[in-house]
Amino acid sequence: MSIDLSIKIGSMTMKNPVTVASGTFGYGPEYAELIDLNRLGAITVKGICPEEHVGNQTPRTFETRGGMLNAIGLPGPGAQGFIDKYVPFLKQYNTPVIVNIWGKGMDDYGTVVDMLDGADTVSAYEINLSCPNVKEGGSAFGTDTDSFSRVIELVRAKTQKPIIPKLAPNVPNIGKFAKAAENAGADAISIMNTMPAMAINIETLEPELANKFGGLSGPPIKPIAIKLVFDAFKACSIPIIGMGGIFEPEDAIEFMIAGATSVAVGTANFVDPTTIDRVIDGIEAYLARKGLSAASELVGTVKA
Amino acid sequence: MSIDLSIKIGSMTMKNPVTVASGTFGYGPEYAELIDLNRLGAITVKGICPEEHVGNQTPRTFETRGGMLNAIGLPGPGAQGFIDKYVPFLKQYNTPVIVNIWGKGMDDYGTVVDMLDGADTVSAYEINLSCPNVKEGGSAFGTDTDSFSRVIELVRAKTQKPIIPKLAPNVPNIGKFAKAAENAGADAISIMNTMPAMAINIETLEPELANKFGGLSGPPIKPIAIKLVFDAFKACSIPIIGMGGIFEPEDAIEFMIAGATSVAVGTANFVDPTTIDRVIDGIEAYLARKGLSAASELVGTVKA
Amino acid sequence: MKQEKATVLEHDNFQGEYRILRLAAPVVGPMVQPGQFLELQVPRLGERILRRPFSIYQAGPEGAAVLYKPVGRGTDAMAAIQVGDEVNIIGSLGNGYPEPDPNKLPVLVAGGYGNAALYILAERMEKKGIAFFGGRSAIDILLVKEFEALGWDVRPTTDDGSLGTQGLVTAAFDPWMKEQDIQSLEVFVCGPNPMLKAIGDRAIEHNFTAWLSLDKNMACGVGACLTCVIKRKTEDGWEWARCCKDGPIFESREILWDE
Amino acid sequence: MKQEKATVLEHDNFQGEYRILRLAAPVVGPMVQPGQFLELQVPRLGERILRRPFSIYQAGPEGAAVLYKPVGRGTDAMAAIQVGDEVNIIGSLGNGYPEPDPNKLPVLVAGGYGNAALYILAERMEKKGIAFFGGRSAIDILLVKEFEALGWDVRPTTDDGSLGTQGLVTAAFDPWMKEQDIQSLEVFVCGPNPMLKAIGDRAIEHNFTAWLSLDKNMACGVGACLTCVIKRKTEDGWEWARCCKDGPIFESREILWDE
Ligand SMILES: Cc1cc2nc3c(=O)[nH]c(=O)nc-3n(C[C@H](O)[C@H](O)[C@H](O)COP(=O)(O)OP(=O)(O)OC[C@H]3O[C@@H](n4cnc5c(N)ncnc54)[C@H](O)[C@@H]3O)c2cc1C
Ligand SMILES: Cc1cc2nc3c(=O)[nH]c(=O)nc-3n(C[C@H](O)[C@H](O)[C@H](O)COP(=O)(O)OP(=O)(O)OC[C@H]3O[C@@H](n4cnc5c(N)ncnc54)[C@H](O)[C@@H]3O)c2cc1C
Ligand SMILES: Cc1cc2nc3c(=O)[nH]c(=O)nc-3n(C[C@H](O)[C@H](O)[C@H](O)COP(=O)(O)O)c2cc1C
Ligand SMILES: Cc1cc2nc3c(=O)[nH]c(=O)nc-3n(C[C@H](O)[C@H](O)[C@H](O)COP(=O)(O)O)c2cc1C
Ligand code: FES
Ligand code: FES
C-alpha cells in the first residue's frame, strides 16, 4: 500500500508534513550540504522584515537544562536582500518556500508582503506575531486579539498566497487566537514560537543573553506545544503547523495526533541534522504500521 | 561573619528563604523521616478547599523529557480534615505553615479561610489561582485581572495572616497581575504554578493523563519562571516566592537574584530529598563567598 | 525510610530478561519488611528525572537486591550500572505484607517480578505452604528452585506448558483450592493486575483472606504527591489509597477495581 | 561539510589539563583545511543538547584529532568517552586559514588551544617561520616539540617565566617584530581574545597581515542560527559575520572589536 505523505496548507501542497522552524535553518544554503532540501515538505526561512535589520548583540543564545534560550533579535537582509541573495538558490529546489515575516509596526507586515509577493519562489507566508526577542516585532500583536486580527487582515489583503499566523504561546486561551486567525482569512496557523524565558549568571549577576530575555526552545517545550495544538485544533478548522521540541519521529507523530497537519523541526537541526530525514521516514513507517494510507488521516485523531 | 538567612513574607518570618512547592510535599508527615522539617523556612502544604475533594482519576502523572506532567486534581481532606489530621502533627515543628488554598467558585476561597483561620499553626495562605488541572479551581481567576483581584480582596477581608496569591504563568503580562495582587492587599506573590501541557500516547492515541491535560514542572520550566519572577519584581513591591525547576542551590540563587525573596523546592523533592538541605546550605555558602551578610541582600540584585 | 547512597555489589543477568542488582546498603537493608520496595535513582539517566520503584527481592543487614527487567528508558539505562557504582536509593517503602496468621495455611500466588517481591515473606515465614507461579513460558517463572529450597511446594503454570500446568495460574490454583478448607487459607499475591484480580475475586467469593500487592506508576514513592492511588472501599463508598504508603499491600475486599 | 559517526581511536591525557581525542573519521578527515573546526556531539551528555565546537589539531584520510580541556559540562562529560565509542561529528567547518603568501615570512602566534588549531597550517605550509606561543606556565604551552619537529622556530613566553621569555606573548613578539621587515610578515593567530586583539592592533599599526581565529559561542555551527556573530567592518560601517561560516578566520582590519 503506498502511503500518501502529502498535505495541504491552503493552496500550497507539501510533499510530506515536514518543514523546518523559522530561524533554525537560515535561508536554505546553510544546511544544504547536510540535508537534501528536496526531501523537505517545505522550507521555512528565517524571519524577514521590509528593511535590513541588525538584531541583537551577543550573547544571542544560552544553553539551558534540556533546551536553549535564543535572543537572536531577527537580524536579516530585508525583503529585497532576501530576494537578491537567496531566491536564486531556493528556486533550484522543488520544495515550496514559506517566508516567515515580521514588522516593527503593523504596516511593515503589509510592506514586506508587497516586496516579496512577486517572487514565484515565495510560496507562502508565516506571520511572526509572537517573537519574544524584539521590542517591536510582533509580540504585542500576538497577545491581543484585536491587533492580531488586524495584522492578519492586512496581510490577507496583500496576497493570494497562503498566510500562516504564528501564535504566541503565553496566552491563557489560544483557541481565541486560532479562531480569530481563521476569521481573519488565514489559511493555517503555526504553534508554537519560543516561550519567553530568561537566565541569569549567578556569578556576574548579569543576564546570560545580551537582550536579557529570550525564547526557550527544544524538548522542554514540547508538552506545552502539544496542549496548545490540541486546544487550537478544537477551536478552529484551518490546518496547524506544529513545532516545539520535535527531536524524534514520535514527537512529530504526537503533534499530528494532537491536531497538527504539518510539523516543523527546529532546534533539533542544530543537534542532529539527520532529524528531518528520520522524522519523514518515521512518519511514513508509523502510518504503514497503523494501516493508514495518508498522513492527513492521522491529523487530530487523539481520543480526547 | 554570621549570615542572616531569615526573610519576611508579610508578618511571617521564615528562618531561611526555602519552602516547598505545594503538592510536592504532602501535608508534612510524608517526608518527615527523610527531611528535618525544622530546617525549612516554611512548609507549604498541598492545596486545601473547604470540603473533601476527590481529585482526578489515574494516571495522574507522566514523566516527560526533563520534567513531568501532573494532573493530580487537587484531592484533599478539606479544611476540617486538614485541621483534624495534620495540624497536630505540624504544630510540633518550629516551622511556619503556609496553607495553599483553592476553591471551586470565588466564595470557596473565603470559606476555606474562615475554616482555617482559627488554627494558630496556619501561618499564611498561598492562594492557588492558577491550577491547570481542575476545571474549576482557580485557573480562570488567574488569567483575568478583575476576578483575580476580587478573589484576593475577598481573602484579604477574611484574615490578618499573610496572603500570597500564586500566579498563572500563561499570561502575556505577569506584571499586571503582580501589581493587581499588591493593590488587592496581598503580602506576597508566588511564581510559578505548573505550565499547562499535555502528552499523547502515539500507540493508543490517548492522552497520557486521565485528565487529558496537566501541568509541566521541573527543570524545563525554570527559565520561564525566572523571567516571570524578573518581570513581577519590576512591577510590584511585595516579596515573591519563586519556584519552578529548582534542583540545585544555583537555581535557587538565580531566582533570588531575579527578584525572589523566598524559593520553593518542588519536583526535586521526588528526585532527591536532600535538595532542600543542599539549597539552604548552598544559599548560605554563596552569601558567605560573595561577602553578603543577609539573604535579603541578594534579592533582585540582577544587573538588568 | 531513609535515603542511602548504596554501592553495587553485583549486577548480572539472572534469568531470561531479568537481571539481579545487589546493593550494599547497610542503612536500608536492615529495615526491610516483606513486600516493601525501593525508589531507585537510575545513574546517568540524563533527562528523565524520576526514580523507579523496584520490589525488594532479598534484604539483610548488609543491603538488598532487586530483580528487574528492561521495559523502558530507566530500566534500559540500568544496563550501564557497574559493580562499584553508587546508586542512590530511598527505602524501604510501602506497608509490606502483614504478619501471616499462624493458624492458616499460607499460599503464595505470583507472576512476573512478583515472585521476587514475595521472597522475603516466604523466607521469613515459619510455616511454608504452596506457591503458585504463573507466566508465559518456563523462562519467565522466576525463583522456582529458590522457593523450593526454602521449603515451599511450588506449582508453576505456563501459557505454553513448558513448565508445570498449562494455562493461567488459576488453572492450578482453582482445582487445588477446591480441595482445601478454604477459610483456612491466607493467600499472598504479587503479579500482574489480572492475576491479582482473579485471586481477589476468588477470595471474596470463597471467603478467604488474600493480600494483593498493587503497583501503580509513582512519582515520589513516599506518599506525598498522590499519584499512585487506587480506590479503597469504605463503609459508604470508596476513598483514594496510595500504593506507595497505604499500600502496596491491600486485602482483596478493600479494592474497588476500575471496570 | 558532512555529518559522520566517528569512532574513538585514542582518548588520553595529553599535557596538563589537555586531553587528546583522536577519531576515525574517513569522511570528514580528508576534507579538513587548516583552521577549521568540528561540532562534536558529546555522548551521554544527558540533558544538555548542543554540540560543542573544537578546532582540528590533526587530520588526514583516516580521521582527525582534537586537543581539549575540561572547562564545563560538555568537556567534563567527555571524560567518559572510551576507545571504540561512536562520536557524532559535523565537519569540517569554518572558512579556515587562507593559503599563505609565498612571498612573506609566516609567523604563528598562539595560546591555549590555539597552538593545536594552527598545527595543520604549520604542517602543510612549505615555508616555516617563527612561532610565538604564550601561556600561564610551561605546562600550558602545547605542542612546542611538535612544531619544532616541523621546522618552526618556537619562541615561548610564560607569565611565570617557567618556559621561555617571561610575560605575555607580545613580550617576545614585539622586540622580534622591531627587527623585521614588517610588511614581509604574514601572521596567523589563534588564542584568547586579548592575544588576538594585541596582534591585530599591531598588524594595523605596523601594516602587516594578521589572520585571527575568532571563537564565539555557537549553536548550529553551520551558519544557520546567527548566534556566533562578530562585527566585521564594511565601507560605511559594519555588518555581522558568523564565526562558524564567514570565519572563524578574519583579517585583523575586518574586525570591529567591542569596546
Ligand atoms: C511498587 C512497585 C514495585 C515494582 N517492582 C519491580 C521489580 O521488582 N522488578 C521489575 O522489573 N519491575 C518492578 N516494578 C515495575 C518497574 O517500576 C517498572 O518496570 C519501571 O518503573 C519502568 O521504568 P522505565 O523507565 O524502564 O520505563 P518507562 O516507561 O520509560 O518509565 C516512564 C515512567 O513510568 C513509570 N513506569 C513505567 N512502567 C511502570 C510500571 N510497570 N510500574 C510502575 N511504574 C512504571 C516509570 O517508573 C517512570 O516514572 C515495580 C513497580 C512498582 C510500582
Ligand atoms: C571555533 C571554536 C574552536 C574551539 N576549539 C577548541 C579546542 O580545540 N580545544 C578546546 O579545549 N576548546 C575549544 N573551543 C572551546 C570549546 O568549544 C569550549 O571549551 C566548550 O564548548 C565548552 O563546553 P562545555 O560544555 O564544557 O562548557 P559549558 O559552559 O557547560 O558550555 C555551555 C555552552 O556554552 C558553550 N561554550 C562554553 N564555553 C565556550 C567557549 N570558550 N567557546 C565557545 N563556546 C563555549 C558550549 O559550547 C555550550 O554550548 C573552541 C571553541 C570554538 C568556538
Ligand atoms: C535560534 C532560533 C531562531 C529563531 N528565529 C525565529 C524567527 O526568526 N521567527 C520565528 O517566527 N521563530 C523563530 N524561532 C522559533 C522557532 O521557529 C520555533 O518556533 C521554536 O524554536 C520552537 O521549535 P523548536 O523547539 O523545535 O526549536 C527561532 C528559534 C531559534 C532557536
Ligand atoms: C504532583 C504535583 C502536585 C502539585 N499540587 C499543587 C497544588 O495542590 N497547588 C498548587 O498551587 N500547586 C501545585 N503544584 C505546583 C507546584 O507547587 C509548583 O508550582 C510547580 O510544580 C513548579 O515547581 P517545581 O518545578 O519545582 O515542581 C503541584 C505540582 C506537582 C508536581
Ligand atoms: S508516588 Fe507519590 S504518593 Fe505514591
Ligand atoms: S553557530 Fe549558528 S550561525 Fe554560527
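Each chain gets a letter, A, B and so on, in the order the sequences are listed, and its residues count up from 1.
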Counting heavy-atom pairs under 4.5 angstrom with chain D, the leader among A:Asn269, A:Val271, A:Thr58, A:Asp272 is A:Val271
A:Glu52 portion near chain D, given a 4.5 angstrom heavy-atom threshold
neither
To the nearest 0.5 Å, how far apart are CD in D:Glu47 and OG1 in A:Thr64?
9.5 Å
In terms of heavy-atom pairs under 4.5 Å with chain D, the winner among A:Gly26, A:Pro273, A:Gly23, A:Gly218 is A:Pro273
D:Arg22 and its side-chain hydrogen bond (donor to acceptor under 3.5 Å, both in side chains) partner, picked from D:Glu10, D:Glu62, D:His11
D:Glu10
Between the side chains of D:Asn115 and D:Tyr18, is a donor N or O closer than 3.5 angstrom to an acceptor N or O?
no
Which residues, numbered in order, of residues 67-100 of chain D come under 4.5 angstrom of chain A by heavy-atom distance?
D:Ile90
So, using ring pair (Phe, Tyr, Trp, His ring centres under 6.0 Å) as the criterion, who are the partners of A:Tyr86 when residues are at least two apart?
A:Tyr27
Can you give me the closest heavy-atom contact between A:Asp251 and A:Gly245, atom names plus distance?
OD2-O, 3.7 Å
Can you measure from CG (A:Leu129) to CG (A:Asn193) and round to the nearest 0.5 angstrom?
9.5 Å
Of the backbone (N, CA, C, O) and the side chain (C-beta and beyond), which part of D:Gln3 lies under 4.5 Å from a heavy atom of chain A, both, or neither?
both
Are the side chains of D:Ile249 and D:Ser213 in contact, using a 4.5 Å heavy-atom criterion?
yes
From D:Leu168 CG over to D:Thr170 OG1, what is the distance, rounded to the nearest 0.5 angstrom?
4.5 Å
Of all of D:Glu239, D:Lys245, D:Met218, D:Lys216, which one pairs up most often with chain A through heavy atoms under 4.5 Å apart?
D:Lys216
Examine whether an atom of A:Thr61 lies under 4.5 Å from a heavy atom of chain D, and if so say whether it belongs to the side chain, the backbone or both; otherwise answer neither.
both
Could you check which of D:Met1, D:Lys2, D:Arg51 has the highest count of heavy-atom pairs closer than 4.5 Å to chain A?
D:Met1
Working to the nearest 0.5 Å, report the span between CH2 of D:Trp211 and CD of D:Glu251.
5.5 Å
About how many Å separate CG of A:Asn100 and CZ of A:Phe25, when rounded to the nearest 0.5 Å?
14.5 Å
Under 4.5 Å heavy-atom distance to chain D, tell me which part of A:Pro220 shows up: side chain, backbone, both or neither.
neither
